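Worksheet: the structure to be examined is printed underneath.
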Amino acid sequence: MTKTFGTYHPAVNFAFFAGAIGLSMFISHPVFSLVSLVVSLSYYLTLSKGKSKKFLLWYIVMFIAVVFFNGVMNTMGNTVLFIWLKNRPVTFEALFYGAVTGVNFISVMLWFSCYNIIMTTDKFTYLFGRFAPSITLVLSMILRLIPNLIKKTRTIIGARNCIGKGTAGNTFKDKLNNGLETLSILTSCALEDAVITADSMRSRGYVDDNHTSYHTYKKQNRDIVVAVLFAVTAVAVIICIFTGCTQMQFLPAIVFPKTTVFTYIGITGYALFLSIPLIIEFSEEITWHILKSKI
């Protein structure tokens, strides 16, 4: 499946991810959190074509860790489940708050993963390069740092295995030394790449106020339509927030906000806002299959 939403204007892409990440971080209502988790997971699996399912195990581990540490460290709550070390109570409210926090955390991580797939470096540079070229360059390098380091690490490990310096069958000391050598090589490569990139951009006049840039991004009617849909659904969510429909109380007792018509409007708008890119991807895929069947 192609990344159809990635072919839209960079401003539309960035506006969506800024809204999705921001709302997922600050809305703690369980229903909103579950909506964000389901949609972000679906979109991530769609973009990665299901090839990163093993990577999702790390998200599950992080979720369990957040719930565990919040339940253990936070002793507030009226419903005590059991008492453990040094008479510290573990309460249902603390575990529930940890679960909601963990869902929000995983959702934000998934949205950032989708962001790294859709928002390429040239898009980010196109949007902010004219206003703050140096900061934009640094941020773009930071955003692509982790993916590049992962690829570089795999390359280094593969090369060391080819010359007989792998970790198979070695002692713990040998594995530790091999890991330190790999880290040293990786650090040197990262610093060297940073210097080369900085010198290259400086030689091309990137920090010059009069520098020009080439891009192929043009606003189309579809960009305007999608931007309007984002704005309408976002306004519905914002109205829901300002009317207090998302204000949850977790400690010492769980108190859900009063359900009003604005609650349903906010949940519907939130689900539609987050699902627009996913709908675009599937509608493009369906259109392609229909056209393909007519050949």
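All figures in this text were calculated on a predicted structure; none of them were measured in a lab.
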Shortest non-hydrogen contact between V39 and S275, atoms and distance: CG2-OG, 3.8 Å
Straight-line distance of I157 CD1 to C162 SG, nearest 0.5 Å: 12.0 Å
Trace of the side-chain contact (heavy atoms from CB on, under 4.5 Å) decision for M119 with L127: CA-CA 11 Å; M119 283 295 296; L127 289 176; 4.0 Å; yes
Single-linkage hydrophobic cluster, 4.5 Å side-chain cutoff, L34 and Y44 together: no
Same apolar cluster (I L V M F W Y, side chains within < 4.5 Å links), M25/V237: yes
Residues forming a side-chain contact (heavy atoms from CB on, under 4.5 Å) with L272, sequence neighbours excluded: T233, T268
Contacts table for residues 240-262: side-chain donor-acceptor under 3.5 angstrom, sequence neighbours left out:
residue	atom	partner	partner atom	Å
T243	OG1	I239	O	2.9
T243	OG1	C240	O	2.9
T260	OG1	F262	N	3.3

Spacing of OG1 belonging to T187 relative to CG belonging to L180, to within rounding of 0.5 Å: 10.5 Å
Working for side-chain contact (heavy atoms from CB on, under 4.5 Å), residues T79 and T91: CA-CA 5 Å; T79 308; T91 65; 5.6 Å; no
Scan the side chains in residues 65-76 for donor-acceptor partners under 3.5 Å anywhere in the protein, sequence neighbours excluded, and list what turns up.
residue	atom	partner	partner atom	Å
N70	ND2	A94	O	2.5
N74	OD1	M76	N	3.0

Smallest separation among heavy atoms of F26 and G22, with atom names: CD1-O, 3.0 Å
Any K152 side-chain heavy atom under 4.5 Å of I156 side chain: yes
Path from L95 to M62 over hydrophobic side-chain contacts below 4.5 Å: yes
Same apolar cluster (I L V M F W Y, side chains within < 4.5 Å links), Y115/L23: yes
Nearest-0.5 Å distance, CD1 of residue I196 to CG of residue L191: 11.0 Å
Considering only distance and modelled atom types, tabulate donor-acceptor pairs under 3.5 Å from the side chains of residues 101-112, sequence neighbours left out.
residue	atom	partner	partner atom	Å
T101	OG1	Y97	O	2.8
N104	OD1	S33	OG	2.7
N104	ND2	I27	O	3.3
S107	OG	L37	N	3.3
S107	OG	V103	O	2.8
W111	NE1	S24	OG	3.4
W111	NE1	S36	OG	3.2

Beyond-backbone contact of I185 with C189, side-chain heavy atoms, under 4.5 angstrom: yes
Set of side-chain contact (heavy atoms from CB on, under 4.5 Å) partners for F82, sequence neighbours left out: W84, V90
Separation of I276 CD1 from L278 CG (nearest 0.5 Å): 11.0 Å
Separation between CG of N178 and CG of L183, rounded to the nearest 0.5 Å: 11.0 Å
Note, L41 side chain near Y59 side chain (heavy atom, < 4.5 Å): no
Exercise answer: donor-acceptor pairs, residues 8-18 side-chain atoms, under 3.5 Å, sequence neighbours excluded:
residue	atom	partner	partner atom	Å
H9	ND1	A11	N	3.1
H9	NE2	Y126	OH	3.3
N13	OD1	K123	NZ	3.3
N13	ND2	F5	O	2.9

Residues in side chain to side chain donor-acceptor pair (under 3.5 Å) contact with S42, at least two apart in sequence or another chain: none
Members besides V80 in its Ile/Leu/Val/Met/Phe/Trp/Tyr cluster (side-chain heavy atoms under 4.5 Å): I83
OG1 on T155 to CG on L186, rounded to 0.5 Å: 10.0 Å
Under the ring pair (Phe, Tyr, Trp, His ring centres under 6.0 Å) test, residues paired with Y43 that sit two or more places apart: none
Set of residues satisfying side-chain contact (heavy atoms from CB on, under 4.5 Å) with respect to S283, sequence neighbours excluded: none
ILVMFWY clustering at 4.5 Å (side-chain atoms), partners of V228: I224, V232
Hydrophobic cluster identity match, V38 and L274, side-chain contacts under 4.5 Å: no
For the student: nearest non-hydrogen atoms of F63 and A99, plus distance: CE1-O, 3.4 Å
Partners passing side-chain contact (heavy atoms from CB on, under 4.5 Å) against Q220 (at least two apart in sequence or in another chain): R222, D223
